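Only a predicted model underlies this, so the values are computations on that prediction, with no experimental measurement involved.
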Amino acid sequence: MARHRRVGLFFDQNIVPVSTLDSCARKNAYKYCFLETGFANERALPPSLSVSPPPQLSNKSTRFKVQTQTPPAAPGPRSGMGGCFSGDVRGGMEAVGGGGSVGAPSRGPPAAGANEAVDHFFQGQALRLYTPLELSFSASKLRNMDALSKSDPMLVVYSKMNGRLEEIGRTEVISNSLEPLWITKAMINYQFEIVQPLVFRIYDVDTKYHNTPPKMLNLAQQDFLGEAFCNLSEIVTKFNHSLTLNLRNGSGHALQGTVTVHAEETASSRMAVEMQFHCLNLDNKDMFSKSDPFLRVSRLSESAVAIPICKTEVIKNNLNPVWRPIRLTSQQYSSKDDPLLVECFDFDASGNHELIGALQTTIAQLENLYNSKAGSNFYSHKGQKKLKGQLFLDKFQEKVQHTFLDYISSGFELNFMVAVDFTASNGDPRAPQSLHYIDPSGRPNSYQQAIFGASEVLQFYDNDRRFPAWGFGAKIPRGSVSHCFNLNASTNDCEVVGVEGIMSAYSSTLYSVSLAGPTLFGPVISKAAEIASHSVQYGNNKYFVLLIITDGVITDEQETKDSIVRASDLPLSILIVGVGNADFTQMRILDADNGKRLESSTGRVATRDIVQFVPMREVQAGGQVTVVQSLLEELPGQFLEYMRSRDMKPRPPQHASAPPAYPPPPPQL
């Protein structure tokens, strides 16, 4: 999850040290912020800005931490959902400048050192990652509350967060109808990584209020026709994004009538632009060879923050590079007229990439640049010097692409699997200080929190809700130490039923095994990969998600890397939660967010990044995002990357045979 970036601030083409961020924001004095590594470069301040930087930032290698109120930003793209598909080169060049999933800045807690500033910035929720949906409503067989006519129904939709209802919207009132089909829609932001409960309430509006705007109606003065509940994920996983619910009264008892909710992605969320860039006459930043250039594209938000959304691969030793195509979604660039920042860097293996030149543009301007076949000049980092290097477009193509929800609603599933660490380092489960201690008061331990949090979200994407569950690092009854054993000890089947099944199997296993060791990931990853591989052979539309919860350092690092590299070709993602106070530096290596994909003992590089690691203690200390949000934020992007790399398309919608709109004509005599 680490993101290694430099944080600086541009003002009138001059760079302001990050320590002045609060002051600049208050004075609206900056032009844009750029993010690259965890170190600050001290630059000269423009005379018009009277800010005195602290002396401790005068050294280039001084570490720092941003302490600022985060300015609001335009909505950002969901993790990897339609980001760059340009491949990166081997080793450190695979993800230049860090950043695993394109357009998905880390919102996790800071690791020690270089990424603290950026992680703190994103923890302040500068970016909101979501997919906008439009909800439409209809109802059937409503109760008739009027004596001389039919009910006049209106629907109100709420979201439920922390036990409180927040109204999202109201439909119009439809007169005299027990089968209303409302026109007014409600907008909601779908977030994969959280559970989003919804409440729908229908009222019969009294005739005397028909001239009152729906938003002004006092609901207490209207007749209650019933309510229904569901989670947003239950709607979007249906084949046609529609879900019909039975109405109930306020006490939960069934009432007459149903409500149907239909969710639809906005057309803009499917639009993407595919572009191919090349440059001519770039400045040479190397002494004994030529520069190794790559491009980074950032979106400038309304508050002038530059949000990196895409990057190309590195072209070695070339001042006239031609890069492979990149793809930007409309969620990433917002609109064709919103400003973008295109920067060209000379790659450095240390991560301290040197800026060759930059220019500000828009998607519309890039399209014009392509049509004109002309080039656009770069400018120096202070914006005061026009450079000879130019940017050209060889391709500009708008296209509609399939989204995560397109796949999920067409029958693709996310199959959840879990593996729990039962090594002795967790402590005796009977002792209150143990990480496995089950509190009689019902307060969940760290393992229970991780299991319940992840499975609560993912269960809705698995049709049969049968989850493989394993343990590792314990001595099993009448056996030796096992590094992959079924939690479901009552049968030979590794699957358990539902979230409750996982929680129950975990609790019972605690008292039937002896905690031992060492900590090995290889066997459980290989087992999960075996299941995923078997599914591929049978052509199942399944993508597998393995959750590993552990308290310590693995002792089979190379075997684990080998298993992950092999699994990177399969429909599989691996989520790792670190619990306790151990040093998890080793785990961060498995998560390729540091810019370098894993390499096996045979020299093979992972096809894609399939690991997401989250240290529970650090995320909880941050307090801005949950462990589950940090854990699941990259999953839709990993899913899409796999599907697109294999050119797998969503299945066409299945339409039930509908009765004819009109009865057939009578037979002729």
Exercise for review: Mind listing the closest non-hydrogen atom pair of Asn486 and Cys494 along with its distance?
Suggested key: OD1-CB, 3.1 Å
Study note, to complete from the structure: Exactly one candidate in Val545, Val577, Thr626 meets side chain to side chain contact (heavy atoms under 4.5 Å, CB included) with Leu631; the answer is Val577
Exercise for review: Quick one: which residue pairs count as a salt bridge (charged side-chain N to carboxylate O under 4.0 Å, His left out) with a foot in residues 450-468, not counting sequence neighbours?
Suggested key: Arg466-Asp493, Arg466-Glu495
Check your understanding: Going by distance alone, is a donor N or O of one side chain under 3.5 Å from an acceptor N or O of the other, for Thr403 and Glu265?
Key -> yes
Review point. If you round to the nearest 0.5 Å, how far is OH of Tyr461 from CZ of Phe416?
Key: 13.5 Å
Check your understanding: Can the ring centroids of Phe412 and Tyr543 be said to lie less than 6.0 angstrom from one another?
Key -> no
Study note, to complete from the structure: Interatomic distance, NZ@Lys238 vs OG@Ser410, rounded to 0.5 Å, equals 14.0 Å
Point to revise | Residue pair Arg644 / Gln401, side-chain heavy-atom distance below 4.5 Å | key: yes
Revision key, fill the gap. Across all chains, not counting sequence neighbours, the salt bridge (Lys or Arg N to Asp or Glu O under 4.0 Å) partners of Lys475 are none
**Study point:** Residues which pass salt bridge (Lys or Arg N to Asp or Glu O under 4.0 Å) with Lys160, listed by chain and number, not counting sequence neighbours
**Key:** none
Point to revise | Partner residues of Ser645 under the side-chain hydrogen bond (donor to acceptor under 3.5 Å, both in side chains) criterion, sequence neighbours left out | key: none
Exercise for review: With sequence neighbours excluded, tell me which residues meet side chain to side chain contact (heavy atoms under 4.5 Å, CB included) with Glu264.
Suggested key: His262
Check your understanding: If you look only at pairs with a residue in residues 512-536, which of them pass as a ring-ring contact (aromatic ring centres under 6.0 Å, His included), with sequence neighbours excluded?
Key -> Phe472-Phe521, His534-Tyr538
Practice item. Could you check Gln638 against Ser573 for side-chain hydrogen bond (donor to acceptor under 3.5 Å, both in side chains), going step by step and ending with a plain yes or no? Key: CA-CA 7 Å; Gln638 292 175 355; Ser573 286; 2.6 Å; yes
Study note, to complete from the structure: SG of Cys310 to CD of Gln332, rounded to nearest 0.5 Å, is 6.5 Å
**Study point:** Approximate separation, where rounding is to 0.5 Å, of Glu530 CD and Ser535 OG
**Key:** 12.5 Å
Point to revise | Polar contact flag, side-chain donor to acceptor under 3.5 angstrom, Asp562-Gln558 | key: yes
Exercise for review: Check whether the side chains of Tyr642 and Asp569 place a donor and an acceptor atom closer than 3.5 Å, and report yes or no.
Suggested key: no
**Study point:** The single option from Ile235, Leu243, Val261, Asn231 passing side chain to side chain contact (heavy atoms under 4.5 Å, CB included) against Leu198
**Key:** Ile235
